[in-house]
Amino acid sequence: MSWQLIARSFAVLRQDRKLALFPVLSALAGLALAALYFFSPIGDSLFRKSEPHTIGAAGYVSLLFGYFAFYFLMVFFNCALAACAQARFAGAELSLADGMRRAASRIQPILFWALLSGTLGILLQAIEHRVGFLGKIATRIFGFAWNMATYLVVPVLVIEDRGAVDSIRRSSGLLRKTWGEQLTVGICMGWIVLFFAIPGIAIGAIGAYSYPLLLPVAVLYFLVLIAVMTAVSGIFEVALYRYAVSGEVPDGYPPDMLNGAFVSRS
């Protein structure tokens, strides 16, 4: 069942290939932000000075701001992708600019969600480095549960007019209908990435040992693979959200397929 759902998500991406550009735009924006920091006084202290790295309290605050900015960019472009996927399932089509305008119209809850989720991520990492073995297990269990409960936050943020906290509650409420597919699709996606990574690894190995000109080909292959799989994951989240909310079968998904995905979970 999960394999079929993923295959249909790939089919939607084939119908609207520009959806794969959102992860690319997200990566480019992140690189631009990283370059800004690298060539700033903080980057000079961290990466280019030969003496010990000392950046002070202001530097750490600036790095923290950069971390949240990077996280915000990722969420923003994911929301733009979700907006376009939602339009595709509804029988319409949005341009890249339309998708980003829709995400921009939800800028406040997106920003708050990025701050909330990013802060929790930092806290969990800090706690994990300061507790024992059992504490690490408990921290990771909590992180896993949080990821499950907030799996559909992005579709909720961009499709429904809800704030960040209300979107978390909404996503958590849908968990009882979607937990099975969340688990199995995550595993399936991992196997698909591993399978399609094999040619890239082979090309890279040949380039490293015999034909250096193949190394850029391997890099480009992995960049395309990451963009495609990120887009497919975003498309699937919207499809899962639509059916979990209203029982409406998204275009391109046979009714018996999605009906089977939620047996005994309603």
Compare every heavy atom of [Y] with every heavy atom of [X], then report the nearest pair and how far apart it is.
{"X": "Leu33", "Y": "Ala69", "answer": "CD2-CB, 3.8 Å"}
{"X": "Leu174", "Y": "Ala244", "answer": "CD2-O, 4.1 Å"}
{"X": "Ala231", "Y": "Ala20", "answer": "CB-CA, 3.8 Å"}
{"X": "Gly99", "Y": "Ala83", "answer": "O-CB, 4.3 Å"}
{"X": "Ala82", "Y": "Val158", "answer": "CB-CG1, 3.7 Å"}
{"X": "Pro109", "Y": "Ala164", "answer": "O-CB, 3.6 Å"}

Can you check whether [X] reaches [Y] side chain to side chain, under 4.5 Å on heavy atoms?
{"X": "Leu116", "Y": "Leu120", "value": "no"}
{"X": "Phe68", "Y": "Thr119", "value": "yes"}
{"X": "Leu157", "Y": "Arg162", "value": "no"}
{"X": "Phe76", "Y": "Arg106", "value": "no"}
{"X": "Met189", "Y": "Val232", "value": "yes"}
{"X": "Val165", "Y": "Trp113", "value": "no"}
{"X": "Phe196", "Y": "Tyr221", "value": "yes"}
{"X": "Ser171", "Y": "Tyr241", "value": "no"}

Which distance, rounded to the nearest 0.5 Å, do you find between the [atom1] of [X] and the [atom2] of [Y]?
{"X": "Leu194", "Y": "Ile201", "atom1": "CG", "atom2": "CD1", "result": "7.0 Å"}
{"X": "Cys84", "Y": "Met100", "atom1": "SG", "atom2": "CE", "result": "8.5 Å"}
{"X": "Thr139", "Y": "Leu123", "atom1": "OG1", "atom2": "CG", "result": "11.0 Å"}
{"X": "Ser26", "Y": "Leu31", "atom1": "OG", "atom2": "CG", "result": "9.5 Å"}
{"X": "Phe236", "Y": "Leu13", "atom1": "CZ", "atom2": "CG", "result": "15.0 Å"}
{"X": "Ile122", "Y": "Ile127", "atom1": "CD1", "atom2": "CD1", "result": "12.0 Å"}

Only counting residues at least two apart or in another chain, list the ones meeting side chain to side chain donor-acceptor pair (under 3.5 Å) with [X].
{"X": "Arg140", "answer": "Glu128"}
{"X": "Tyr71", "answer": "Ser117"}
{"X": "Lys136", "answer": "none"}

Applying a strict under-4.5 Å side-chain criterion to I, L, V, M, F, W and Y, I'd like to know whether [X] and [Y] cluster together.
{"X": "Leu223", "Y": "Met229", "result": "no"}
{"X": "Leu220", "Y": "Tyr211", "result": "no"}
{"X": "Leu214", "Y": "Val219", "result": "no"}
{"X": "Ile192", "Y": "Phe195", "result": "yes"}
{"X": "Leu96", "Y": "Val224", "result": "yes"}

request  = Applying side chain to side chain contact (heavy atoms under 4.5 Å, CB included) between Cys79 and each of Val153, Ile107, Val154, report the one that passes.
outcome  =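 Option passing the side chain to side chain contact (heavy atoms under 4.5 Å, CB included) with Cys79: Val154.
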message = Checking Ile235 against Phe10 for the side-chain contact (heavy atoms from CB on, under 4.5 Å) test, could you report, in this order, the C-alpha distance in whole Å, the side-chain angles of both residues, the deciding distance, and whether it holds?
response = CA-CA 9 Å; Ile235 293 167; Phe10 274 106; over 6 Å; no
inquiry  = If you apply the rule side-chain contact (heavy atoms from CB on, under 4.5 Å), what do you find for Leu175 with Met148, and how did you get there?
reply    = CA-CA 7 Å; Leu175 178 62; Met148 289 285 291; 4.0 Å; yes
inquiry  = Check this for me: does any side-chain nitrogen of one of Glu93 and Lys18 sit under 4.0 Å from a carboxylate oxygen of the other?
reply    =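 Between Lys18 and Glu93 there is a salt bridge, with a charged N closer than 4.0 Å to a carboxylate O.
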query = Do Asn78 side-chain atoms and Val75 backbone N/O form a donor-acceptor pair below 3.5 Å?
reply = no
inquiry  = Strictly distance-based, threshold 3.5 Å: is any side-chain N or O of Arg130 a donor or acceptor partner for the main-chain N or O of Ala126?
reply    = yes
ask   = Taking everything shown except Phe112 itself, do over 12 heavy atoms lie less than 6.0 Å from its CZ?
value =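 It does not: Phe112 CZ has 12 such atoms or fewer within range.
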ask   = So with a 6.0 Å cut-off around CZ of Phe70, is the heavy-atom count from everything else above 12?
value = no
ask   = Do Gln86 and Arg242 meet the criterion of a side-chain donor-acceptor pair at a distance under 3.5 Å?
value =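 Yes, side-chain donor-acceptor contact under 3.5 Å.
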